[in-house]
Amino acid sequence: MDGKKIGKFFDSIGDFFTGGDSIPWCESDIVLGCEREVIAAEKDSSDEFKSECRLRLAWALVHSKRPDDVQRGIAMLEAALPSTSDPLQMREKMYLLAVGYYRSGDYSRSRQLADRCLEIVPDWRQAITLKKSIEDRIKKDGVIGIGIAATALGAVGLVAGGLAAALSRKK
């Protein structure tokens, strides 16, 4: 990756750590750079370096704006999780899975994983921020759902009232 792309990558991570309540996005050029890095690492690098490259790619994929990238990231992380023995790596992968599920709209699964991360490290700021984002999104979707239902009921009531008035005038 060239310097400008690496700068964008770290800026998006930095934005996350500044305490904002949003999860950072990753541009497709960062994903492409991470994919190239994984391919290069597969040739003749240590297992630890390969693992680091794959984790960076997973991070980029689940933070991507493209739904198919997010799904690839989820699949990558789910495949890697069972063979992970290091608790720190396990926590990171669970967190990234939670982000992936959040991005894909599976808020229930995302919240479960964020809760598991917080069981391991209760004051982990990233997981706390993610959980807050999940809960805010669930609340927002609930309010929108209630608004749609209320509007539909109002429209039905208006039509029923209009029909009743029309029928009473005919008599």
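Side-chain atoms are counted along with the backbone in the values below, which use heavy atoms only and exclude waters and symmetry mates. Sequential numbering from 1 along the given sequence is applied to the chain's residues.
Under the ring pair (Phe, Tyr, Trp, His ring centres under 6.0 Å) criterion, Tyr101 pairs with no residue at all, not counting sequence neighbours. Every residue two or more places apart in sequence or in another chain was checked for a side chain to side chain donor-acceptor pair (under 3.5 Å) with Asp106, and none qualifies. Looking at residues two or more places apart in sequence or on another chain, you find a side-chain contact (heavy atoms from CB on, under 4.5 Å) between Arg54 and Val38, Glu42, Lys50, Met76.
At a threshold of 4.5 Å between non-hydrogen side-chain atoms, the residues Tyr107 and Glu135 do not count as touching. No side-chain heavy atom of Arg103 sits less than 4.5 Å from a side-chain heavy atom of Ser64. Using a 4.5 Å cut-off on side-chain heavy atoms (C-beta onward), Met94 and Gln112 make no contact. Contact annotation: the side chain of Ser104 approaches that of Gln71 to within less than 4.5 Å [non-hydrogen atoms, C-beta and beyond]. A heavy-atom distance below 4.5 Å is found between the side chains of Arg72 and Asp69. Counting heavy atoms from C-beta on, the side chains of Arg36 and Leu32 come closer than 4.5 Å. At least one side-chain heavy atom of Ile134 sits under 4.5 Å from a side-chain heavy atom of Leu130.
No continuous path of ILVMFWY side-chain contacts below 4.5 Å connects Val31 to Leu77, so the two sit in separate hydrophobic clusters. In the hydrophobic clustering of ILVMFWY residues, with side-chain heavy atoms under 4.5 Å counting as a link, Leu57 and Val62 come out apart. In terms of hydrophobic clustering, with Ile, Leu, Val, Met, Phe, Trp and Tyr side chains grouped at heavy-atom distances under 4.5 Å, Leu61 and Leu81 are assigned to different clusters. A continuous path of hydrophobic side-chain contacts links Leu97 to Leu55 [ILVMFWY only; heavy atoms under 4.5 Å].
No more than 12 heavy atoms of other residues, nucleotides or ligands sit less than 6.0 Å from atom CZ of Arg116.
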Query raised in the report: Please walk me through it: do Arg109 and Leu113 pass side-chain contact (heavy atoms from CB on, under 4.5 Å)?
Result: CA-CA 6 Å; Arg109 182 76 177 121; Leu113 288 163; 4.0 Å; yes

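Of all heavy-atom pairs spanning Cys34 and Ala60, the tightest one is SG-CB, 4.1 Å. Nearest approach of Leu96 to Trp59, heavy atoms of both residues: CD2-CD1, 3.5 Å. The shortest heavy-atom contact between Ala127 and Leu118 is CB-CD2, 3.7 Å. Shown here for Pro24 and His63, the closest heavy-atom pair between the two residues is O-CD2, 3.0 Å. Residue Ser45 comes nearest to Ala40 through the heavy atom pair OG-O, 4.4 Å, listed as atom of the first residue, atom of the second, then distance. Of all heavy-atom pairs between Ile23 and Ser133, the closest is CD1-OG, 4.1 Å.
Distance check: Glu37 CD to Cys53 SG gives 4.0 Å after rounding to the nearest 0.5 Å. The OG atom of Ser108 lies 14.5 Å from the OH atom of Tyr102; values are rounded to the nearest 0.5 Å. The distance from the NZ atom of Lys93 to the OG atom of Ser51 is 5.0 Å, given to the nearest 0.5 Å. For the atom pair Ser28 OG and Glu35 CD, the distance stands at 10.0 Å (nearest 0.5 Å). Distance check, rounded to the nearest 0.5 Å: CD of Glu27 to CG of Asp29 gives 6.5 Å.
A salt bridge is absent between Asp115 and Arg111: the closest approach of a Lys/Arg side-chain nitrogen to an acidic carboxylate oxygen does not fall below 4.0 angstrom.
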